[in-house]
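Structure below; questions to follow.
Start at 1 with the first residue, then count along the sequence.
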Amino acid sequence: MDHLRKEGGVYEEKEQGKKVKRGLNCMYHHATEVYLWNLYKDWHGTDFPHKALFPRLSKEYRRADDEDSRLRLRDLEFANREIKRHEREKERDRAELEKKNQEIKKFRDQAKDHLERLQELEKIRDKFDVEKRSKKDELSDSQFAKYERMMMDYFDTMKEIYGTYKGGVTIEVTSNTDNESGFCLQDFFDNLYKKKEKAGASAHAVLFGDKNPMSILSSWEIMYDIKAELLAARGKVDKPARKKLMAARKELMAKDEGGPSRQFLTDIFKQIGTLSVKVGSESVALFEDTPSGVWVITDDMLKHKIEGTAKNCCEMVKEAIKQAKNYIRAIGRIMLHALANKQTLPTNAMPPFLINLMFHGYDNDYEPADILNHIGMLAFHGEETLTYLLDCGETDGDGKPWTRETFFAKFIPDNFINNRKILLSSLQDGLTFGDPSSEIVKGCGIAIRWSMVPLQAIQHTYFARPDISVEELIANILQPKFGVGEPNDKETDTERIKDEQEKFYNTGFKTFLTESAEEDPNFLVKLVECATGSNYLPCDKTFKINIEFDFSLDPLGYPLFHSCTHDIRFPGYEVFFSDYGKFKHDMKMIIDKIYNRFDMR
């Protein structure tokens, strides 16, 4: 550049302390200098020219060189961050791929097992000439309504006979937000079981005391963490201070208007598969998992585990079996309360075979094709019994080959019902208001009135849908409401805002559901649980989750969840739809924060 400037001219320089202007000397050199200056004067896009445009020892050269070094260092740091980001993404992709490979393997194993079960059932069908049943016709809405009224009439009659507690029953649980459930079922049962017998409407009496239909038929108010607050208040020596604290806590405690009760049921059946009794230092599980729900363990397995752990101590064995029966009876009472108050149970609460057994009984009306289908859905070690029967030609107790009649009249009851008498009879007792039948195959007390109600109607009325999908939520469950409430400013253009809210719901909100469900397999379950208290949806077609877009101004615009009324509210009408990234971040943050938080604060 110095050479071009000298030869081209048109520049200033100092000569004997004075500035001297040089005229044009060579057009070509000067034009080249001007071209290069314009090319390199903003080399880095920061208004700093390239250092080559200045004399090496000049102040401008040093400044340009410093800027060049700073930008190179910044680029290097950015490159390092990008490398680390790509490495993290690569590691995440590797972990996701490994997880998907494991899921694929699990799915293949399940598919293989399912195929083997189907093949075994096909052999049974062929052996005993059991016709395949075509898919049953779906009951109409009017039929569902008719059967629902029949079932609810039964409970209305029971309430007239036994009555209910005016104030209901208060059940206190200690909130536990460290795990996937709002409270620990095992601790809840263990602590409650140890309490002294109390009559009336105490939680101990309801679940573990003598049978009291009034307490089961009454409404239950679930209170989280109230015990801890009461103890804190009782610890106050100063009576006025204690009274003041108690009053303040009462003000802060929200009333259970449905949300906590649904959360209570949800938490119970999230953990029911791990419910156990303590024998010495060991725990004996009471249920085994099957693809269609939990199922009590066999009498032999229960006795073997307890006796082995108790070292054949008769008193310990006797007490452990008594405790196991009380725990299962308590689960039955919780189920009966849910049925009496039309609360939805999750699908894993009772497999179809158990629903049919308890509410219809195992009798001649239970069609062989349905029995085989329901047995196949259980998929536990009873399959080995079926395989042995087929492959080894086992005979019945009289030494005669199994026939169609003896297979369904003796083999199935002996291997799936009568070998679980200890715990099934306790469940039967919990599901009965009066004295249960001495025969489990006759079902619980409800079976007398529900024998004519199809299994499909029972499942539709009292049990959840099998799964949750984005499509189902958008099409049938979510109910948007725009422009809720009154705007803070009377001059607000309400119609424009309603249009913006509707546009956002149909674009941003639905995109958020789809993206989040793809990113997290449990997202929809968490969303529904935050909005309703249940991690499942009832079959009731009238059930809705309200999506409310408010007029109220809120600079943060955080969503609000009301599980008692099934509401998700978006305050701050011009906050959430102006920035989708912020909306998605805030929604996920709030869901993660309140998921399983039912401590009523």
Side-chain angles (χ1 to χ4, degrees), residues 141 254-263 342 344 464-465 468-517 523-595 597-598:
D141 291 345
K255 183 174 177 60
D256 178 6
E257 295 180 348
S261 289
R262 286 188 289 271
Q263 179 75 32
K342 204 176 181 299
T344 304
R465 305 180 194 212
I468 304 172
S469 68
V470 173
E471 295 75 18
E472 179 69 14
L473 279 176
I474 292 174
N476 300 316
I477 304 298
L478 300 182
Q479 182 170 269
K481 298 180 180 179
F482 307 108
V484 177
E486 295 293 329
N488 296 3
D489 187 351
K490 292 182 179 179
E491 297 181 2
T492 301
D493 186 350
T494 56
E495 291 305 315
R496 178 187 66 81
I497 291 170
K498 284 183 180 180
D499 290 342
E500 290 282 356
Q501 291 173 342
E502 186 171 1
K503 180 181 176 183
F504 175 78
Y505 173 77
N506 288 316
T507 55
F509 186 76
K510 291 181 179 179
T511 300
F512 165 71
L513 291 180
T514 303
E515 287 182 355
S516 301
F523 168 75
L524 294 180
V525 170
K526 291 180 180 178
L527 176 73
V528 169
E529 186 170 329
C530 287
T532 68
S534 301
N535 63 352
Y536 45 84
L537 293 170
C539 295
D540 184 0
K541 291 182 180 179
T542 64
F543 180 85
K544 302 293 179 185
I545 295 176
N546 301 311
I547 310 295
E548 293 188 358
F549 293 87
D550 287 3
F551 274 135
S552 61
L553 284 168
D554 184 336
L556 297 176
Y558 287 138
L560 304 173
F561 289 82
H562 299 276
S563 63
C564 291
T565 52
H566 312 155
D567 292 337
I568 303 176
R569 294 180 56 201
F570 296 109
Y573 57 79
E574 287 189 323
V575 174
F576 50 84
F577 55 68
S578 61
D579 186 343
Y580 173 75
K582 181 181 184 304
F583 167 78
K584 184 175 180 180
H585 171 269
D586 289 350
M587 275 292 286
K588 286 195 168 184
M589 180 188 71
I590 295 299
I591 289 172
D592 289 340
K593 189 176 182 64
I594 68 172
Y595 178 59
R597 288 305 301 260
F598 271 80

Answer whether the closest heavy-atom distance between the side chains of Glu472 and Leu524 falls below 4.5 Å. no
How long is the span from the OG1 atom in Thr532 to the CZ atom in Phe543, to the nearest 0.5 Å?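 Going from OG1 on Thr532 over to CZ on Phe543, the span is 5.0 Å.
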Heavy-atom check, side chain of Leu473 versus side chain of Val528, under 4.5 Å: yes
CD1 of Ile474 to NZ of Lys510: how many Å apart, nearest 0.5 Å? 5.5 Å
Could you work out, with ring-ring contact (aromatic ring centres under 6.0 Å, His included) as the rule, every residue matching Phe523, not counting sequence neighbours? Phe512
Using ring-ring contact (aromatic ring centres under 6.0 Å, His included) as the criterion, list what pairs up with Tyr536, not counting sequence neighbours. none
For His585, the side-chain contact (heavy atoms from CB on, under 4.5 Å) test, sequence neighbours excluded, returns Met589
Kindly write out the residues that satisfy side-chain contact (heavy atoms from CB on, under 4.5 Å) with Glu515, not counting sequence neighbours, or none if the list is empty. Thr511, Glu519, Tyr580, Lys584
Rounding to 0.5 Å, atoms CG (Asp550) and CG (Leu560) come to a distance of 8.0 Å
The side chain to side chain donor-acceptor pair (under 3.5 Å) partners of Asp499 (sequence neighbours excluded) come to none
Nearest heavy atoms of Ala531 and Ile545, plus distance in Å: CB-CG2, 4.0 Å
Quickly, which of Phe504, Phe549, Phe561 forms a ring pair (Phe, Tyr, Trp, His ring centres under 6.0 Å) with Phe570? Name it, please. Phe549
Could you tell me which non-hydrogen atom of Thr565 sits nearest to which non-hydrogen atom of Asn546, and how far apart they are?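 The answer is O-ND2, 3.7 Å.
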For Thr542, does its backbone N or O pair with a side-chain atom of Asp540 as donor and acceptor, under 3.5 Å? yes
Going by side-chain contact (heavy atoms from CB on, under 4.5 Å), Gln479 matches just one of Glu548, Lys544, His566. Which one?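 Running side-chain contact (heavy atoms from CB on, under 4.5 Å) over Glu548, Lys544, His566 with Gln479 returns exactly one hit, Lys544.
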Closest approach of Val470 to Ala517 (non-hydrogen atoms, all atoms of both residues): CG2-CB, 3.8 Å
Tell me if a side-chain donor or acceptor on Gln501 pairs with a main-chain N or O of Gly483 at a distance below 3.5 Å.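 Confirmed, Gln501 side chain pairs with Gly483 backbone.
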May I ask you to decide if Val484's main-chain N or O and Lys498's side chain share a donor-acceptor pair within less than 3.5 Å?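 Flag not set: sc Lys498 to bb Val484 has no pair under 3.5 Å.
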Of all the heavy-atom pairs spanning Met587 and Phe509, show the shortest one and how long it is.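 The answer is CE-CE1, 4.4 Å.
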Those residues that, when tested against Lys526, pass salt bridge (Lys or Arg N to Asp or Glu O under 4.0 Å) (two or more places apart): Asp520
Answer whether the closest heavy-atom distance between the side chains of Leu527 and Leu513 falls below 4.5 Å.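 Contact flag for Leu527/Leu513 side chains = yes.
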Taking all heavy atoms of Gln263 and all of Glu529, pick out the closest pair and write down the distance.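 In terms of heavy atoms, the two residues are closest at NE2-OE2, 2.9 Å.
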Any side-chain to backbone donor/acceptor pair from Arg262 onto Ser563? Under 3.5 Å, distance only.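 Checked: pair present.
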Can you name the nearest heavy-atom pair linking Lys588 to Ser516, along with the distance?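 Shortest heavy-atom contact: CE-OG, 3.4 Å.
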